[in-house]
Amino acid sequence: MSTVVKKVWGYRYVVLFILWLLYIINYFDRVAVLTFLPFIQKDMNLTPVQVGQIASAFFFAYAIGQITSGFLADKFGPKKVMNVAIITFTLVTVVTGFVKNFGQFIAVRIGLGLGEAHHFPPAAKAISNWFPYSKRGTALSIFNTSNYVGLAIVPIVLTSLSAALFDGQWRPVFYMLAIPGVIGVLLLWAFFKDTPEEMYKKGKISQAEMDLIQADKGVALPASVADKGKNKIYLKDMTFYIICLIMFCQMGILWGFTTWLSTFLVKQHGFNIKEMGYIASLPSVISIVSILLGGWLMDKLGRMKPIALIANIGCIPVLWMIGTVEKGNIPVLLTMLLLSGFFVAFNSGSVTAALQKRYPSEVVGGATGLVNGSGQLGAFLTPLIAGYLVNVGNGGNFDFTNVFIYFSALAGLAAVSALFLKEKPIDLTKIVQSSGQ
């Protein structure tokens, strides 16, 4: 019985919990601006186009940083890269509370994007190092729930803090976000190592857990493949580019939706700051269940394709309908928001798991960084395009119908792309031959 318990509740789950908690801290800093966006817009007299540019500046920097973070994690290890990331995005968040104009806001959003970008690929690599191949889909889905737990609790916590402590002001909230950043650095220092081998030497994990992890590592990189040729494993694989396109669409939908949701609720439906905080959290609450279900199916089926199809086909009508809900029709609005949360999140963990099941762990950091970079490119373009699609009437009324039609079209593109996926582990024989070994 004790052996079974060790296998289920080994130190790898402590590592997973730390990574999960750190990413929630990441989300407090990331979502703070989006939560207060309609009030920042009013204070600084920003147009919808400028709001879209502020949101997109983050994702532009984030997309660039995702690419470098994966390679840095492969080279220096996840812990060092995540440490620098947490310190950077915490400092930038505090500075955000001091911004006075549009130009300064763009600058801090770029700084935040570069800092936060160096978090996810190292965390994904750490999970690849710590978890058996057959359990990575579930582990990554558990980790990815941090996205949606963050999106669920952050608007409530921040708007409640603003209303209760700061008389509805948004700037003091950014100063307080230094506290979770300091906690994150301490957790990483005290409880995390890049590999189970490091913790084994310190006596933190058992031999049984080491054997479990090492016996099920998945695809192994042949020694004959030169270090300079590692990236050929995924750069010459068409499936890799299909996954990049799916991620582009999915992250575009997620962050386009998240960026504009608070403004949509305040401007089109007339909710106040506290009401908006609770309602904006609803999609993310159901997303927590959705992403876990998707990860479980990924491990059960061993394929992402059916999960991606369910997610994106479901998104098409739901996203379209959200933009058409009439003001005051609260039951329909809440129903559509809950359904959107389910479908938008359903394939989130499976995308990263598909990479880890197809490619050797030695290149997972770089592959994940490029795929996530593609996703963040979608996250960059979507809020920006949406800013031009918002219709503002003569009376100052906002209409988001075209915005949600655009989100729906992205879901259609992702669904079509998923039909062309090939998901068996990569054939390394061809890679070896092409490397001239």
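As the structure is a prediction and not an experimental result, all values here were calculated from the model. Numbers here are sequence positions counted from 1.
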Check: A345 main-chain N/O paired with S348 side-chain donor or acceptor under 3.5 Å: yes
Check: Y200/Q207 side-chain N/O donor and acceptor closer than 3.5 Å: yes
Check: T263 side chain, T259 main-chain N or O, donor-acceptor pair, under 3.5 Å: no
side-chain contact (heavy atoms from CB on, under 4.5 Å) involving V95 - partner list, sequence neighbours excluded: V108
Side-chain touch F404/S408, heavy atoms, less than 4.5 angstrom: no
Exam field: side chain Q104 to backbone V99, donor-acceptor pair closer than 3.5 Å: no
Euclidean distance, N402 CG relative to F407 CZ, rounded to 0.5 Å: 11.0 Å
Working for side chain to side chain contact (heavy atoms under 4.5 Å, CB included), residues F346 and I291: CA-CA 5 Å; F346 192 62; I291 193 172; over 6 Å; no
Pairwise distance OG(S340) to CZ(F257) - rounded to 0.5 angstrom: 3.5 Å
Close side-chain approach of W255 and F59, heavy atoms under 4.5 Å: yes
Plane angle bin for F98 and Y175 - parallel if under 30°, tilted between 30 and 60°, otherwise perpendicular: tilted
Polar side-chain atom of S281 near backbone of P155 as donor-acceptor pair, under 3.5 Å: no
Parallel, tilted or perpendicular, as decided by the 30° and 60° cut-offs, for the rings of Y13 and F131: perpendicular
Q268 side chain to F400 backbone, donor-acceptor under 3.5 Å: yes
Gap separating the OG1 atom of T335 from the CE atom of M321, nearest 0.5 angstrom: 9.5 Å
Results of side-chain hydrogen bond (donor to acceptor under 3.5 Å, both in side chains) for E198 - residues two or more places apart only: T195
Exam field: side chain R109 to backbone T96, donor-acceptor pair closer than 3.5 Å: no
T401 (side chain) donor-acceptor with G323 (main chain) under 3.5 angstrom: yes
Residues K125 and D194 bridged, charged N to O under 4.0 Å: no
CG on L389 to CH2 on W260, rounded to 0.5 Å: 9.5 Å
Beyond-backbone contact of S262 with T35, side-chain heavy atoms, under 4.5 angstrom: no
side-chain hydrogen bond (donor to acceptor under 3.5 Å, both in side chains) between W20 and T145, worked out: CA-CA 8 Å; W20 182 86; T145 61; 2.8 Å; yes
Reported CG-to-CD1 distance for the pair L188 and I18, which is rounded to 0.5 angstrom: 8.5 Å
Between CG on residue L370 and CG on residue L355, distance to nearest 0.5 Å: 10.0 Å
Sequence-distant partners of I64, side-chain contact (heavy atoms from CB on, under 4.5 Å), two or more places apart: F60
By side-chain contact (heavy atoms from CB on, under 4.5 Å) - contacts of A117 (at least two apart): Y62, Q66
Side-chain H-bond candidate by donor/acceptor type, H119 with S69, under 3.5 Å: no
Side-chain (S146) to main-chain (I24) donor-acceptor, under 3.5 angstrom: no
Derivation of the side chain to side chain contact (heavy atoms under 4.5 Å, CB included) call for M304 and I246: CA-CA 11 Å; M304 184 182 81; I246 292 172; 3.9 Å; yes
Set of residues satisfying ring-ring contact (aromatic ring centres under 6.0 Å, His included) with respect to W170, sequence neighbours excluded: F174
Qualifying residues under side-chain contact (heavy atoms from CB on, under 4.5 Å), relative to Y278, sequence neighbours excluded: I156, S160, K274
Main-chain N/O of Q50 paired with T47 side-chain donor or acceptor, under 3.5 Å: yes
